[in-house]
Amino acid sequence: MGHQIFFPFVACTIALLASSSLVSAEVVKHSSHIPNSARKMLACLVERFVAENDTDSILEPEKSEDSILKDLDIEGSIDYGLTTTDIASKDFGGIYAVKPLAFIRPAGADDIARVIRSALQSPTITVAARGNGHSINGQAMADHGLVIDMKSMGHNNRIDVNVASMYVDVCGGVLWTDVLKRCLGYGLAPKSWTDYLDLTVGGTLSNAGVSGQAFRFGPQTSTVMELEVVTGIGVKTVCSNSQNSELFFSVLGGLGQFGIITRARIMLQHAPDMVRWIRVVYSEFDEFTRDAELLIMSESFNYVEGFVIVNSDDPVTGWPSVPLASNQSFDPTHLPKKTGPVLYFLELALHYNKHDDSSTVNTLVEKFLRRLTFVEQLRFEIDSTYMDFLLRVNHAEQAARGSGIWDTPHPWLNMFVSKRDIAAFNRVVFQNIIKGGVNGPLLTYPLLRSKWDSRSSVVLPQSDIFYLVALLRFTHAHPKESEIKQMVAQNNEIVQTCIKNGFDFKLYLPHYESTVEWKKHFGDQWIRFVERKSQFDPKAVLAPGQKIFTRND
Ligand code: FAD
């Protein structure tokens with residue numbers, strides 16, 4: 001039979017068989033009954049049929065782990081024989097180390113789809129996207145699974161700015177630092193940030209992405225217009241508010257459970273040149289929270305965050321950590337006579353442009369600050385370029401690397417606490433359990449629930465205003481095991497105290513070990529989360545490090 005006649009006939013037959021799960025791209029690729037020239041084309045056809053029809057027909061015959069790894073046919077590269085000291089086995093938290101079967105550097109989204117489809121051929125192999133590995137508790141790890149290095153999507157790791165429509169298209173493995181730099185070249189910038197920018201777009205969108213702009217624009221997940229995602233059945237799908245919207249909202253804040261984000265379209269705004277960066281100090285928690293809430297309701301400053309410091313001269317956790325420039329100093333004699341074990345400060349920023357009249361900027365700042373009740377003499381401010389302001393934690397990273405504490409363990413605890421309970425939380429946690437500080441920044445600032453889309457997978461406390469609480473602990477350069485254990489134990493004590501007191505709270509960047517705890521975390525959203533899982537990753541292949549679901553076949 002000539003190829004011209006043979007090809008359409010076989011193609012139709014194979015498409016039919018594919019639809020009934022009887023044949024797969026792999027089978028076609030290795031079939032000796034089909035001429036060489038047609039084999040690859042037919043394999044593509046079946047692959048496309050499977051993807052477009054969103055079927056379960058990727059059910060390949062079950063294969064051993066060895067043969068899956070051997071047959072993994074991707075454009076990118078694969079590292080085998082990893083140890084627990086390889087980058088794919090570790091994260092920023094430094095508490096867990098888990099050895100994967102392989103570390104995969106995909107050339108693009110199609111490679112990722114192939115990896116997932118191969119993993120599905122085994123009853124046990126899992127797949128974890130690894131952004132920059134800045135999780136704390138092994139969330140991007142895959143014990144005996146395949147870890148995908150999202151940062152190395154080769155030439156596809158692009159950042160395309162659309163000036164006319166004010167958005168940027170970025171690959172999931174791109175760092176926010178690079179998004180910032182590229183967008184600023186066009187005088188534009190995303191609206192919502194994290195404090196630290198060497199995190200990947202896919203990594204923060206899988207959680208939420210929160211900083212001092214979130215009161216205005218919501219978390220980063222609220223600024224996404226469109227996603228390209230490879231689901232847990234290995235299908236590449238574009239989704240948005242209006243197209244495949246269930247997948248779109250599942251993936252946002254979805255802890256990597258429903259698909260791997262290979263591209264995100266992020267809204268942009270005009271970027272300012274400069275910011276006036278201000279810190280003002282409070283001794284009373286109720287004054288601090290009243291002012292913080294006033295500021296997030298009034299939308300005066302462009303950025304509002306709050307911190308807790310120890311009421312002492314400790315260089316890391318006390319007064320010296322507040323001034324913004326080396327020529328400024330914190331004079332504690334300005335504090336009221338009666339103060340508690342901790343103090344609070346608000347960190348604020350106002351955007352402006354180089355050509356703005358400085359007296360106009362000063363007038364605005366004074367107008368916004370006038371209503372606040374901070375200790376008047378304890379006010380610190382500097383002018384900074386917008387880029388340097390956004391890269392402030394990246395700059396701090398250099399110092400921490402210099403003193404050897406960036407690569408040591410970080411038993412961090414992040415949570416959202418309802419406004420209803422934040423005063424009690426202050427009494428039992430800030431002023432008691434951690435009154436000596438956490439050997440690193442201690443953040444707390446209010447956010448507005450109305451700026452979060454309830455269709456996303458993130459769960460929040462009930463109240464309209466809730467507080468981010470972040471205990472960003474650092475250990476010594478060569479920490480003893482007991483130091484780390486003590487920090488983890490204190491985190492657990494805080495969580496247990498919240499439960500015992502009936503506080504309305506949720507862990508942010510949550511970490512639980514059992515389904516019972518996850519169920520409690522999601523509360524009335526648990527059923528929706530489980531339904532989304534069965535729709536988009538029914539075999540629980542994805543993000544095993546979150547320990548929410550168990551791989552099934
Ligand atoms: P990883 O740790 O690599 O991955 C996190 C999870 O997302 C894993 O489950 C992984 O499988 C999954 N994942 C990764 N990439 C993808 C993808 N493309 N598609 C689907 N799933 C994926 N958070 C804030 O909100 N605000 C902050 O200000 C902030 N500051 C931080 C500062 C530092 C120094 C650090 C270490 C963390 C900070 N975080 C902050 C937390 C951070 O947002 C999360 O840890 C985030 O997950 C880290 O991104 P990553 O790219 O390293 O992701």
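For the single chain, residues carry numbers from 1 onward in sequence order. Counting starts at 1 for both ligands and their atoms, following the listed order.
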Regarding [atom]: of the candidates [options], which has the closest heavy atom?
atom                    : options                        : answer
atom 50 (P) of ligand 1 : Asp91, Leu175, Asn132          : Asn132
atom 47 (O) of ligand 1 : Asn207, Thr204, Ile548         : Asn207
atom 9 (O) of ligand 1  : Glu305, Gln139, Met141         : Gln139
atom 22 (C) of ligand 1 : Gly256, Ser206, Ser192         : Ser206
atom 12 (C) of ligand 1 : Pro441, Gly545, Ala208, Ala129 : Ala129

If we set the cut-off at 4.0 Å for heavy atoms, which region of Trp176 has an atom near ligand 1: side chain, backbone, both, or neither?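 For Trp176, there is no contact with ligand 1 at all, from either part.
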
Side chain, backbone, both or neither: His134 near ligand 1, heavy atoms under 4.0 Å: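 Both the backbone and the side chain of His134 come within reach of ligand 1.
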
For the residue pair Lys547 and Tyr96, would you count it as a cation-pi contact if the rule is NZ or CZ under 6.0 angstrom from the ring centre and within 45 degrees of the ring axis?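 Satisfied, under 6.0 Å and within 45°.
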
Does NZ or CZ of Arg392 fall inside the cone over Phe389's six-membered ring, less than 6.0 Å from its centre and within 45° of the axis?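 Arg392 over Phe389 ring: yes.
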
What protein heavy atom lies closest to [atom]? Include the residue and the distance to one decimal.
atom                    : value
atom 2 (O) of ligand 1  : Ser135 OG, 2.6 Å
atom 28 (O) of ligand 1 : Asp195 N, 2.7 Å
atom 24 (C) of ligand 1 : Thr194 CG2, 3.5 Å

Pair Thr204, Gln220: side-chain N/O donor-acceptor within cut-off below 3.5 Å: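 Their side chains do contain a donor-acceptor pair, which is all the 3.5 Å distance test asks for.
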
Side-chain donor-acceptor pair under 3.5 Å between Arg532 and Ser250, yes or no?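 A donor-acceptor contact under 3.5 Å links the two side chains.
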
Under 4.0 Å from any heavy atom of Phe92, which atoms of ligand 1 are there?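 Near Phe92, meaning under 4.0 Å from one of its heavy atoms, ligand 1 has 36 (C).
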
Give the atom numbers and elements of ligand 1 that come within less than 4.0 Å of a heavy atom of Val210.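 Those qualifying, in numeric order: 24 (C), 25 (O), 26 (N), 27 (C), 28 (O).
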
Ring centres of Trp412 and Phe92 under 6.0 Å apart?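 Yes - the distance between ring centres of Trp412 and Phe92 falls below the 6.0 Å cut-off.
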
Looking at ligand 1, is there an atom of it that comes within less than 4.0 Å of some heavy atom belonging to [X]?
X      : result
Phe258 : no
Ser211 : no
Gly259 : yes

Would you indicate whether His395, at its atom NE2, is surrounded by more than 12 heavy atoms from other residues, nucleotides or ligands within a distance under 6.0 Å?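 Check passes, neighbour count above 12.
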
Decide yes or no on side-chain contact (heavy atoms from CB on, under 4.5 Å) for Phe103 and Arg130, but give the supporting numbers first. CA-CA 10 Å; Phe103 191 34; Arg130 185 182 196 276; 4.3 Å; yes

Plane angle bin for Phe474 and Trp406 - parallel if under 30°, tilted between 30 and 60°, otherwise perpendicular: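 Trp406 vs Phe474 ring planes: tilted.
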
